[in-house]
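Report on the structure given below.
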Amino acid sequence: MTMKVCVIGAGAAGLAVARHLASNPELFDFVVWEKSDTIGGQWNYTEDVSSKDGVHSSLYSNMTTNIPKEVMGFPGYPFHTEGSSFIHHTEVQNYLINFVDHFSLKKYINFGYKVCEVKPIKDELSDAVKWNVSVMKIGCKTVETDQYDNVIICNGRYTNPYIPDILGMETFKGDIIHSHYYRKNVSYVDKNVVCLGRGPSGLDISLEIGQVAKKVFISHNKSNLESPLPDNICQITGITRMNENSITFNDGQTFQVDSVVLCTGYMFDFAFLHKDCKIKIQENRVTPLFKHFINIEHPSLAFLGVPFTVCPFPFYDTQAKYYIKYLEGKADLPSKEEMYADEAKDFSVRLESGLPVRHAHFMSTRQWGYHDDIYQLGSMSGTAVSKVLRLLYDYIHQTRVKDLANYKKLSYVVEGDTFKLKN
Ligand code: FAD
């Protein structure tokens, strides 16, 4: 008997799932629904940000990766070894296109279909939960519904911008965009610009705008960056209020400002989930999820890619491998009570360490232990990220912190158990 599986999204996460599902064609009869007309998700760069259907990708024109390609690839399918460690986004898109060809995945993907509802229903014969998934062809209003045994959601986490509520924002006469819509620095020539937020995109965009702007203020309430910054870029506290042509910051200073880029992150968007899926989002925490990805109430519904500050492709591979092993009946899930206890413990450890609720899925150095836990749970041998690649990833993090403007100028080679600078 086959198992019908629905995958939502043909970005890196959906492709990781498709690769492993495709390796067991006797068991899995699966389909990937993808709303755009090509693969790649975020890496499918869109120059035009005015589409009435919405903009999926947040990548900007000159964006290069902030993780070295030596670490970034899927296990068993590395990036090419030539050239720089930090590559232009088009190379990543090409890598994903080649990945799809290599594993013959295209035949499973239905492009141009947007999933509009996922709803659990009780199968009358077996009493098991099945899933009604409704899709709409882009450009048409007709909805088709099909039934599946499992649904794996891989719709991405960087598409629904978080817009903070700032006093006086409506009175500000300059331009304000969210970083989701930032593409090039040309409109910032000789301007005074505030980039609000100092996450990876905020810093990258600040540096890029700083190449042409008169002044860039990186506004944030975190501890100050250790890295030296170009002379026309400075750090300042968060925003108290926006005025017509200026901004007042939390430290009381007010500066004339022409433009603001809100690098304030993203909110999860699972609008297509029927309430019976029993998934709640509170302060950007998705719950109840075992190990940040399996719906504890309905384990036949999983979400890949919820955690952030991870090395994404290997992370998705680990989640996909374990989940598919579970579907194959080769790995067990703990009891419902144990999964709830595990989720609660994970969350309370985060809160105790001072993280806010919205960082419930923040990983950073926790990601390596996560891989190990999942491999152990699934009795899987090996690892998605070897020791040397973990070391390289952590080392790059340190070089980034120390010298934001220059860390991508160095490249690395991995040889056996060590890595070294490339000549
Ligand atoms: P996405 O790539 O977002 O894919 C989701 C897919 O689902 C899309 O194709 C979308 O069209 C589809 N979809 C969504 N909703 C529906 C629906 N209702 N119906 C049908 N289809 C749907 N990662 C790195 O490894 N290295 C980096 O250097 C790096 N830099 C980044 C820089 C920026 C600015 C950003 C925003 C992200 C960066 N990332 C980086 C993270 C990147 O997002 C991940 O690498 C990865 O591409 C995410 O894959 P995903 O499949 O989870 O989501």
Side-chain angles (χ1 to χ4, degrees), residues 6-18 31-46 51 53-74 79 85-89 91-93 95-96 99-100 109-118 133-138 151-161 178-183 197 199-205 208 263 265-266 268-273 293 303-317 319-320 367 385 393 396 400 408:
C6 166
V7 181
I8 303 175
L15 298 178
V17 173
V31 63
V32 182
W33 296 105
E34 169 52 55
K35 68 181 166 141
S36 80
D37 56 7
T38 187
I39 59 130
Q42 279 297 332
W43 303 99
N44 176 20
Y45 171 75
T46 43
S51 165
D53 295 326
V55 176
H56 185 81
S57 175
S58 309
L59 300 194
Y60 25 101
S61 178
N62 286 328
M63 199 211 94
T64 51
T65 58
N66 57 13
I67 299 175
K69 69 176 187 314
E70 290 70 24
V71 188
M72 215 178 114
F74 288 117
F79 277 84
S85 283
F86 301 95
I87 52 181
H88 189 248
H89 61 76
E91 286 193 53
V92 182
Q93 170 75 333
Y95 166 89
L96 292 174
F99 179 88
V100 166
I109 308 172
N110 282 336
F111 293 103
Y113 285 90
K114 181 174 177 167
V115 171
C116 44
E117 189 176 68
V118 174
V133 176
S134 303
V135 299
M136 197 191 281
K137 188 155 177 57
I138 299 291
V151 176
I152 308 179
I153 296 174
C154 307
N155 66 332
R157 61 172 344 276
Y158 299 110
T159 291
N160 183 28
H178 189 275
S179 58
H180 180 56
Y181 300 100
Y182 173 81
R183 292 296 180 265
S201 301
L203 296 177
D204 215 25
I205 291 172
E208 192 171 293
C263 306
Y266 296 84
F268 286 105
D269 182 7
F270 301 123
F272 48 75
L273 291 184
F293 82 120
F303 299 74
L304 255 71
V306 168
F308 63 103
T309 314
V310 297
C311 185
F313 296 10
F315 198 88
Y316 303 153
D317 188 80
Q319 292 189 318
Q367 67 183 304
V385 191
Y393 179 98
I396 296 302
R400 184 189 307 130
K408 291 187 187 179

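Just so it is clear, the structure is predicted and the values come from calculations on it, not from any experiment. Order of appearance sets the numbers: ligands from 1, and atoms from 1 within every ligand.
- The single protein non-hydrogen atom nearest to atom 34 (C) of ligand 1 is Ser201 OG, 3.6 Å, given as residue, atom name and distance.
- Relative orientation of the Tyr95 and Phe79 rings is parallel, given thresholds of 30° and 60° on the angle between their planes.
- Remark: among candidates Asn160, Asn66, Asp204, the nearest residue to atom 27 (C) of ligand 1 is Asn66, based on non-hydrogen atoms.
- Ligand-side atoms of ligand 1 in range of Gly9: 6 (C), 7 (O), 12 (C), range being under 4.0 angstrom from any heavy atom.
- Rounded to the nearest 0.5 angstrom, Met72 CE and Ser85 OG are separated by 11.5 Å.
- Taking every non-hydrogen atom of Thr65 and a distance limit under 4.0 Å, the qualifying atoms of ligand 1 come out as 28 (O).
- Compare Met63, Gln42, Met136, His56 by their heavy atoms: the one nearest to atom 31 (C) of ligand 1 is in Met63.
- Nearest protein neighbour of atom 35 (C) of ligand 1, counting heavy atoms only, is Leu59 CD2, 4.0 Å.
- Ring geometry, Tyr266 versus His178: the interplanar angle exceeds 60°, so the pair is classed perpendicular (tilted spans 30 to 60°).
- In this structure, the protein non-hydrogen atom closest to atom 9 (O) of ligand 1 is Glu34 OE1, 2.6 Å.
- For Thr159 (side chain) and His56 (main-chain N/O), a donor-acceptor pair under 3.5 Å exists by modelled atom type.
- With a 4.0 Å heavy-atom cut-off, ligand 1 is reached by the side chain of Tyr158 but not by its N, CA, C or O.
- Near Trp33, the atoms of ligand 1 lying under 4.0 angstrom from a non-hydrogen atom of the residue are 20 (C), 21 (N).
- The main-chain N or O of Asn62 is never found under 3.5 Å from a side-chain atom of Arg183 such that the two would form a donor-acceptor pair.
- Remark: minimum distance from atom 15 (N) of ligand 1 to any protein heavy atom is reached at Asn155 CB, 3.5 Å.
- Comparing Pro200, Cys116, Ala12, Cys154 by heavy-atom distance to atom 5 (C) of ligand 1, the nearest is Cys154.
- Among Leu15, Val115, Ile87, Leu96, the residue whose heavy atom lies closest to atom 18 (N) of ligand 1 is Val115.
- Those atoms of ligand 1 with a heavy atom of Tyr113 less than 4.0 angstrom away are 19 (N), 20 (C).
- If you number the atoms of ligand 1 from 1 as listed, the ones under 4.0 Å from a heavy atom of Gly41 come out as 1 (P), 2 (O), 4 (O), 8 (C), 9 (O).
- Distances between N or O atoms of Tyr316 and those of ligand 1 include at least one value under 3.5 Å.
- Rounding to the nearest 0.5 Å gives a distance of 9.5 Å between CZ of Arg400 and CG of Leu203.
- The Phe272 neighbourhood of ligand 1 comprises atoms 18 (N), with distances under 4.0 Å to a heavy atom of that residue.
- Remark: side-chain polar atoms of Glu70 are not paired, donor with acceptor, to backbone N or O of Tyr393 under 3.5 angstrom.
- What sits closest to atom 53 (O) of ligand 1 on the protein, heavy atoms only, is Gly156 CA, 3.2 Å.
- Taking Glu91 as the reference, His80, Ile87 meet the side-chain contact (heavy atoms from CB on, under 4.5 Å) condition, with sequence neighbours excluded.
- Partners of Asp317 by side-chain hydrogen bond (donor to acceptor under 3.5 Å, both in side chains), not counting sequence neighbours, listed by chain and number: His20.
- For atom 25 (O) of ligand 1, the closest heavy atom belonging to the protein is Pro312 CD, 3.1 Å.
- Within the 4.0 Å heavy-atom shell around ligand 1 one finds Ala13.
- With a 6.0 Å radius and a threshold of 12 heavy atoms from other residues, nucleotides or ligands, Lys114 has its NZ atom at or below the threshold.
- The aromatic rings of Phe270 and Phe272 stand perpendicular to each other, their planes meeting at an angle above 60°, with 30° marking the opposite boundary.
- Ranking protein heavy atoms by distance to atom 21 (N) of ligand 1, first place goes to Lys35 N, 3.1 Å.
- Put simply, CD1 on Ile138 and CG on Asp37 are 9.5 Å apart, with the number rounded to the nearest 0.5 Å.
- Listed by atom number, the atoms of ligand 1 under 4.0 Å from Met72 heavy atoms are 24 (C), 25 (O), 26 (N).
- Thr65 contributes atom OG1, which lies 10.0 Å from atom CG of Asp204 (distance to the nearest 0.5 angstrom).
- The closest donor-acceptor contact from the side chain of Asn110 to the backbone of Val31 lies at 3.5 Å or more, if one exists at all.
- Looking at atom 39 (N) of ligand 1, its nearest protein heavy atom turns out to be Trp43 CZ2, 4.0 Å.
- Within the 4.0 Å heavy-atom shell around ligand 1 one does not find Tyr266.
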